[in-house]
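As structure tokens, the structure follows; a few thoughts come after it.
Ligands are counted one by one from 1 in listed order, and the atoms in each one are counted from 1 as well. It should be emphasised that the depicted structure is a prediction, and the values quoted were computed from it without experimental measurement.
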Amino acid sequence: MTEDTIKYMKEAIRQAKKAYALGEVPIGCVIVYEGKIIGRGYNRRTTEKNPLAHAEMIAIRKASRRLGDWRLEGCQMYVTLEPCQMCAGAIVQARMDKVVIGCMNPKAGCAGSVLDLLREEAFNHQAEVETGVLEKECSEMMKAFFKELREKKKEGQETSC
Ligand SMILES: [Zn+2]
């Protein structure tokens, strides 16, 4: 794990905290090209009432716009939680070189948990995968969010989820 890997995952965590502040499940993502962040995103599913508004999808859209190309060859994604099937699909479609993951998502992840869409040999592109980067920080952020959510529910307050 290099210093840069940690630096970019910290940026992804910073994005996730923006989702947290909105009452969204705290997932954040950045995309790096030639040492520069070219796309950032955080989960806005509830805010936008849009099942496509995952952190990775937002970051991919921004990065593609920035590069002026749907191909994100030479790019690396840093994401706090293992991508779902939709985002893993988009990562393959974008020909992303590498995906660096904070914590795994055993119930829904598609980078090795439920499925491994990023390294499926039958597709025309595979992405390199690195897992467990700042894992504790990423998983504790999720745990804190869901704990808070349960407590709010117990108090009978309205929540956004
Ligand atoms: Zn997703």
Side-chain angles (χ1 to χ4, degrees), residues 5 8-33 37-67 69-120 122-146 148-149 159-161:
T5 308
Y8 294 130
M9 186 58 80
K10 280 187 176 163
E11 285 294 324
I13 290 171
R14 190 170 303 168
Q15 291 296 308
K17 284 181 177 163
K18 292 185 183 184
Y20 200 129
L22 287 177
E24 299 267 7
V25 179
I27 304 161
C29 174
V30 298
I31 295 173
V32 175
Y33 180 68
I37 295 177
I38 58 161
R40 292 177 167 82
Y42 56 92
N43 178 30
R44 299 176 55 82
R45 190 174 56 175
T46 305
T47 306
E48 292 188 9
K49 298 179 178 61
N50 179 357
L52 310 179
H54 287 194
E56 301 95 313
M57 302 294 279
I58 292 165
I60 285 173
R61 197 171 61 216
K62 287 182 182 166
S64 299
R65 214 173 271 165
R66 179 88 175 264
L67 288 185
D69 199 335
W70 58 266
R71 293 176 200 83
L72 297 180
E73 284 161 351
C75 293
Q76 303 90 42
M77 174 183 281
Y78 294 78
V79 60
T80 57
L81 182 72
E82 184 184 6
C84 73
Q85 66 274 51
M86 170 179 70
C87 295
I91 288 163
V92 173
Q93 290 296 327
R95 316 264 201 273
M96 190 93 58
D97 277 17
K98 185 175 178 182
V99 180
V100 180
I101 297 169
C103 61
M104 298 303 271
N105 187 0
K107 289 182 186 161
C110 286
S113 289
V114 177
L115 294 172
D116 192 352
L117 295 177
L118 298 181
R119 287 169 292 191
E120 172 54 60
F123 291 140
N124 64 347
H125 177 82
Q126 292 80 37
E128 195 188 322
V129 176
E130 183 176 347
T131 59
V133 175
L134 298 183
E135 183 173 18
K136 198 162 168 252
E137 209 170 331
C138 292
S139 71
E140 275 171 4
M141 184 168 56
M142 294 290 277
K143 279 182 200 150
F145 174 81
F146 286 110
E148 213 173 280
L149 195 67
T159 64
S160 57
C161 287

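- Annotation: ring-ring contact (aromatic ring centres under 6.0 Å, His included) contacts involving residues 89-111, sequence neighbours excluded, are absent.
- No side-chain heavy atom of M96 sits less than 4.5 Å from a side-chain heavy atom of L118.
- For the Zn ion (ligand 1), the count of nearby protein N/O/S atoms, taking only those under 2.8 Å, is 3.
- Each of I101, V100, V30 was checked for a side chain to side chain contact (heavy atoms under 4.5 Å, CB included) with M9, and the lone residue meeting it is V100.
- Between the side chain of E135 and the main chain of G102, no donor-acceptor pair closer than 3.5 Å is present.
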Report, one line per pair, each donor and acceptor closer than 3.5 Å where one atom sits in a side chain of residues 49-65; sequence neighbours left out.
{"from": "N50", "atom 1": "OD1", "to": "L52", "atom 2": "N", "distance (Å)": "2.8"}
{"from": "K62", "atom 1": "NZ", "to": "R40", "atom 2": "O", "distance (Å)": "3.3"}
{"from": "S64", "atom 1": "OG", "to": "I60", "atom 2": "O", "distance (Å)": "2.9"}

Just distance, no hydrogens or angles: give the donor-acceptor pairs under 3.5 Å from side chains in residues 75-89, sequence neighbours left out.
{"from": "Q76", "atom 1": "NE2", "to": "G74", "atom 2": "O", "distance (Å)": "3.2"}
{"from": "T80", "atom 1": "OG1", "to": "G28", "atom 2": "N", "distance (Å)": "3.1"}
{"from": "E82", "atom 1": "OE1", "to": "N105", "atom 2": "N", "distance (Å)": "2.9"}
{"from": "E82", "atom 1": "OE1", "to": "S113", "atom 2": "OG", "distance (Å)": "2.6"}
{"from": "E82", "atom 1": "OE2", "to": "A111", "atom 2": "N", "distance (Å)": "2.8"}
{"from": "E82", "atom 1": "OE2", "to": "G112", "atom 2": "N", "distance (Å)": "3.2"}
{"from": "E82", "atom 1": "OE2", "to": "S113", "atom 2": "N", "distance (Å)": "3.0"}
{"from": "E82", "atom 1": "OE2", "to": "S113", "atom 2": "OG", "distance (Å)": "3.3"}

